[in-house]
Structure formats: C-alpha cells, structure tokens
Amino acid sequence: MTLRLVGTVNEPGHSVAMFQKPDGAMELCGLGQSIDDAGGAVTVTRIEAQKVTVQYGSQVLELAVAPTP
C-alpha cells in the first residue's frame with residue numbers, strides 16, 4: 001500500500017481520514033469510502049483519534065498517524 005495516513009478528524013457523525021498519495025496529493029476519505037491505490041482499493045472501516053482501520057484486498061490493516069518530531 002502506498003498511501004500514508006496524515007491525520008484524522010473524529011467527531012460523532014462526521015469523521016474523516018486524510019491520506020497522502022505518492023505524488024504528494026492529499027485525499028479525504030470518510031467511513032466506508034475507498035481510495036484507489038496502486039495495489040487496489042483501500043476502504044476505511046474505522047476512524048479513531050490518530051488512527052484508522054482499512055480493508056486492503058483481503059487484509060485488514062491499522063494505520064497510525066506518524067508522531068511529529
């Protein structure tokens with residue numbers, strides 16, 4: 001998977017995850033929405049503070065926002 005989780009907004013009824021693509025473009029994705037990736041679609045299944053769970057093919061992955069130095 002080539003997407004990187006940059007941030008999350010976690011509010012009741014309106015949560016989104018912000019991903020950065022390899023070309024630097026940013027894309028917002030809500031719960032149940034998908035983003036196209038080089039290896040297939042990445043579907044957001046859960047959004048929490050600073051982390052998301054995604055379905056990527058047959059894998060379920062948890063991605064966390066990288067800590068700020």
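Applying the salt bridge (Lys or Arg N to Asp or Glu O under 4.0 Å) test to every pair with at least one member in residues 9-19, sequence neighbours left out, gives no pairs at all. Identified under the salt bridge (Lys or Arg N to Asp or Glu O under 4.0 Å) test for residues 15-36, with sequence neighbours left out: K21-E27. Within the structure, every pair that satisfies the side chain to side chain donor-acceptor pair (under 3.5 Å) test and touches residues 51-60, not counting sequence neighbours, is listed here: D37-Y56.
Residues satisfying the side-chain hydrogen bond (donor to acceptor under 3.5 Å, both in side chains) criterion with Q20, sequence neighbours excluded, are R4. Under the rule for a side-chain hydrogen bond (donor to acceptor under 3.5 Å, both in side chains), Q33 has no partner lying at least two apart in sequence or in another chain. When the side-chain hydrogen bond (donor to acceptor under 3.5 Å, both in side chains) test is applied to E62, no partner is found at least two apart in sequence or on another chain. T8 is linked by a side-chain hydrogen bond (donor to acceptor under 3.5 Å, both in side chains) to nothing, counting only residues two or more places apart in sequence or in another chain.
Closest of all the heavy-atom pairs between M18 and L5 is O-CD1, 3.6 Å. The heavy-atom pair separating G32 from T43 by the smallest distance is O-CG2, 3.9 Å. Contact record, N10 with E48: ND2-CA, 3.5 Å, taken as the closest heavy-atom pair.
A distance of 11.5 Å separates CG of L63 from CD1 of I47, quoted to the nearest 0.5 Å.
At least one side-chain heavy atom of C29 sits under 4.5 Å from a side-chain heavy atom of V44. Counting only heavy atoms from C-beta outward, the side chains of L3 and I35 approach each other to under 4.5 Å. Looking only at side-chain heavy atoms (C-beta outward), F19 and L28 stay at 4.5 Å or farther from each other. With contacts defined as side-chain heavy-atom distances shorter than 4.5 Å, the pair V6/V65 does not qualify.
L61 and V52 fall within the same hydrophobic cluster, where Ile, Leu, Val, Met, Phe, Trp and Tyr residues are linked whenever their side-chain heavy atoms come under 4.5 Å apart, directly or through other members.
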### Task
Tell me, with the steps shown, if L31 and S15 meet side-chain contact (heavy atoms from CB on, under 4.5 Å).
CA-CA 7 Å; L31 189 61; S15 295; 5.9 Å; no
### Task
For the pair M1 and V42, evaluate side-chain contact (heavy atoms from CB on, under 4.5 Å) and give the outcome as yes or no after the intermediate values.
CA-CA 8 Å; M1 188 169 75; V42 176; 3.5 Å; yes
